[in-house]
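These notes concern the structure reproduced below.
Computed over heavy atoms, backbone and side chain alike; hydrogens, waters and symmetry mates excluded. All values derive from a computational prediction rather than experimental measurement.
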Amino acid sequence: MKGVSVCILSFILLAAGSPIEAQESVLMKALKDELTRTMEKLQLEGMRKPYFVAYWVQETRTLGVAASLGGLLNRGESSANRVLSVEVRVGDHDLDNTKLFDPTGFRPGFGSMRGLPLADDYKELRRQIWLATDSAYKEALDQFARKRAVLQNKTRVEEVPDFSVEKPYRFTDESAAGQLPVAGGVEDLVKGLSAAFKGMPDIFCSNVQANLRLGTTYYVNSEGSSFTRRSPAVSVRALAGTQAVDGTELEDFVAAYGRRWEDLPDREELAGQIRGMAERLVQRRNAEFVDRYNGPVLFEGQAAAELVNQILVPRLLALPTPVTDGPRFLSFGGPGAGQNNPFLDKLGARVLPRFLSVIDDPTVETHDQVSLLGGYKVDNDGVPAGETRVVERGILKTLLATRSPVAGVLNSTGNRRGAGPAPSNLFLVPRGGMSREEMREELLALVEERGLDFGIVVRRLGNPQMTLSRQRRFAFMLPGESGRSNLEPVTQAFKLFPDGREELIRTAELLGLSESSFREIVAASETLTAYHTTYRPQGGFALSALFLLSSGPTSSTVVSLVVPQLLFEDVTLKRPTGDVPNLPLIAHP
């Protein structure tokens, strides 16, 4: 009798399920049924059948608001939409149609994308999935033939498979889908925050943006993996710029991230952060330059996190090298790109001091009462999330990988986010770290040893995605200059004198810093700073195109970096080079 009651209760709960659950079941049934038919029947006469097929469906609703000086610039709210991405692989795990980069056709990816109806019309969903699969299969056959033709003129030195074998995994996110906040409330906040710049004539340009996204991903593949995953995300960003007395352009930003609107700091806290950023900019207008400095530099807080983000993180990713018959295009790849990543040849070698380790763990939710935002239960390949010890006591053990192997890393670490590998919650963990006071004392001891008048403390670095300059926003797709670290400019730094006095520096370029510089870190602090940013693939034009245009979900990826202060013994700073624009002819209105 008890068993009967349980069955009846289960039936009632299923019958009372939310509309979202019913919607999921119809959509997932359509995906799975068409996938089964595809694997059984899809084959052109005389051609290979697909050996692997995967479907993603991304359901999203977004709200974006931007304002400047209290006035609304734009507001856009999307209705719900569904986008299907299809991945079809022809060949086998060792050699298939992927990784081909065609510089003439700009078709680096694989598969097909198509909008799906929002209505739970099973037949129409099947029809659209069928059409997208048919297109993706034909494209896969064409790519496979072209790839084999390219490889006929090459000798494969390393036999690295094109696709790893992973165990099937199933996951269903039970969290509520959530709702976007009322647009009027978001608009009021953004306009109010942007109005803070009204009484600041020394700030020449500014804007505040809020972006909110509700997303659900549905995934099935022909190996038996499937998942549904919620991915809500919100952000508020304030950007501001000015010019110094000599015309030098100066910028800074404030950014706050969360999963839901309620996670963000309140209005007063955000306003305080924006006022502080504006005050820093005004102070820098009249600060002095450092013409050239060679010596020890201490990176604190946000600067240490951005240093890791911009230099170390791209080297920790297992990016495969594209196959192309136009190798000159690969020369545009940056130091983290495919065959240009020096860490590919350093597995088992020391890449950090022995007192530092690197751990990526999407299962960690908080650090020191700060919520970490890079976590997830399953990645975009359907591989379950888990801890990856990337560097242990300075020794590189592995790279963060997807199911596209590279030499030495043949299986996924569960780090496919968007179209390629990305970190989740990345921890740079010191062993026996120093206090803040000890770090400064160590810096000054190195200054005395070098016979210098002062050391440098860097507290903030720019971020290429947080800039008013269009040229800087797209610099990640361009090749780096020889001898340059490709770091963003310093936005807050000080000369530190032996008596403890600090003197503000206007701005500076950091030169000569590379992944090898991290091996020579002198000291790290015991306290760690949690820092959130959005990740964007680096690696020059070819690699950027390969991952930005390939199939699969490609929404912005938020990562959390937890890092200590870092003391480097030998860093070069210098006054920025290049032409300086003239100041405006008349004063701020």
Side-chain angles (χ1 to χ4, degrees), residues 68-69 193-194 196-208 237-255 270-293 295 297-307 310 440 443 453-469 471-473 475 485 487-497 500-511 513 529 531 565 571-584 587-588:
S68 181
L69 300 177
L193 293 176
S194 71
F197 294 103
K198 274 187 174 181
M200 301 178 182
D202 290 330
I203 302 298
F204 292 180
C205 53
S206 63
N207 66 62
V208 178
R237 306 186 300 173
L239 310 177
T242 187
Q243 287 180 264
V245 291
D246 68 344
T248 301
E249 292 181 307
L250 306 173
E251 290 189 5
D252 206 343
F253 68 91
V254 167
L270 287 170
Q273 292 179 20
I274 290 172
R275 287 192 296 268
M277 179 259 287
E279 290 169 4
R280 292 195 302 270
L281 277 173
V282 172
Q283 291 168 3
R284 288 169 58 201
R285 295 185 76 227
N286 298 302
E288 298 296 327
F289 284 110
V290 171
D291 286 330
R292 181 173 287 272
Y293 170 89
V297 174
L298 174 61
F299 292 87
E300 297 181 342
Q302 188 266 4
E306 276 293 347
L307 192 70
Q310 295 179 38
R440 292 167 70 92
L443 169 63
D453 294 329
F454 56 84
I456 299 290
V457 178
V458 180
R459 296 207 175 112
R460 288 187 62 80
L461 289 177
N463 181 297
Q465 299 179 70
M466 299 290 178
T467 175
L468 297 165
S469 167
Q471 181 179 359
R472 282 176 55 200
R473 282 201 301 271
S485 63
L487 276 169
E488 288 295 301
V490 170
T491 58
Q492 188 182 30
F494 300 85
K495 298 177 183 177
L496 178 64
F497 293 90
R501 179 169 49 93
E502 292 184 348
E503 183 180 299
L504 183 64
I505 298 170
R506 184 180 300 177
T507 187
E509 290 183 352
L510 290 161
L511 304 181
L513 278 171
T529 297
Y531 177 70
Q565 297 178 20
V571 176
T572 299
L573 285 86
K574 73 167 192 172
R575 180 174 180 159
T577 56
D579 296 330
V580 175
N582 293 324
L583 287 166
H588 190 289

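In this structure, CD1 in Ile505 is found 6.5 Å from NZ in Lys495, a value given to the nearest 0.5 Å. Of the inter-residue distances, the one linking Asp202 atom CG with Gln283 atom CD reads 11.5 Å to the nearest 0.5 angstrom.
Using a 4.5 Å cut-off on side-chain heavy atoms (C-beta onward), Phe253 and Arg237 make no contact. Inter-residue side-chain proximity for Leu513 and Phe299 is flagged as met; some heavy-atom pair is nearer than 4.5 Å. Side-chain contact between Phe289 and Thr507 is present, with heavy atoms from C-beta onward closer than 4.5 Å. With a 4.5 Å cut-off on side-chain heavy atoms, Pro576 and Pro489 do not count as touching. The shortest side-chain heavy-atom distance between Gln243 and Thr248 does not fall under the 4.5 Å cut-off. Contact of the Leu583 side chain with the Phe204 side chain is registered, since non-hydrogen atoms from C-beta on lie closer than 4.5 Å. Looking at heavy atoms from C-beta onward, Ile203 lies in side-chain contact with Leu281 at the 4.5 angstrom threshold. Using a 4.5 Å heavy-atom threshold, the side chains of Thr242 and Arg285 count as touching.
Annotation: Glu288, atom CD; neighbour count of heavy atoms from other residues, nucleotides and ligands within 6.0 Å does not exceed 12.
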ask   = Step by step, would you call Arg284 with Thr491 a side-chain contact (heavy atoms from CB on, under 4.5 Å)?
value = CA-CA 9 Å; Arg284 288 169 58 201; Thr491 58; 3.8 Å; yes
request  = Could you go through the side-chain contact (heavy atoms from CB on, under 4.5 Å) check for Met466 and Leu239 one step at a time?
outcome  = CA-CA 7 Å; Met466 299 290 178; Leu239 310 177; 4.1 Å; yes
side-chain contact (heavy atoms from CB on, under 4.5 Å) evaluation trace for Leu487 with Leu307 = CA-CA 8 Å; Leu487 276 169; Leu307 192 70; 3.7 Å; yes
message = Between Val458 and Glu300, is the side-chain contact (heavy atoms from CB on, under 4.5 Å) condition met? List the steps.
response = CA-CA 6 Å; Val458 180; Glu300 297 181 342; over 6 Å; no
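Here the rule is side chain to side chain contact (heavy atoms under 4.5 Å, CB included) with Arg506, and of Val290, Val490, Asp246 only Asp246 fits it. Checking Arg460, Arg459, Arg275 one by one against Arg280, the side chain to side chain contact (heavy atoms under 4.5 Å, CB included) holds for a single residue, Arg460. Tested against Asn463 for a side chain to side chain donor-acceptor pair (under 3.5 Å), the candidates Glu488, Glu306, Glu251 yield a single pass: Glu306.
Between Pro464 and Thr467, the shortest heavy-atom distance links the atoms O-CG2, 3.2 Å. Taking both residues in full, the closest heavy atoms of Leu468 and Gly241 are given as CD1-N, 3.7 Å, listed atom of the first, atom of the second, then distance. Here the closest non-hydrogen pair linking Ile456 and Leu443 is O-CD2, 3.9 Å. In terms of heavy atoms, Leu69 sits closest to Ser206 at CD2-OG, 4.1 Å. Between Gly462 and Gln310, the closest heavy-atom pair is O-NE2, 2.9 Å.
Side-chain rings of Tyr293 and Phe454 approach one another, their centers coming within less than 6.0 Å.
Note on Arg292 versus Glu509: no salt bridge recorded, every NZ/NE/NH1/NH2 to OD/OE distance being 4.0 Å or above.
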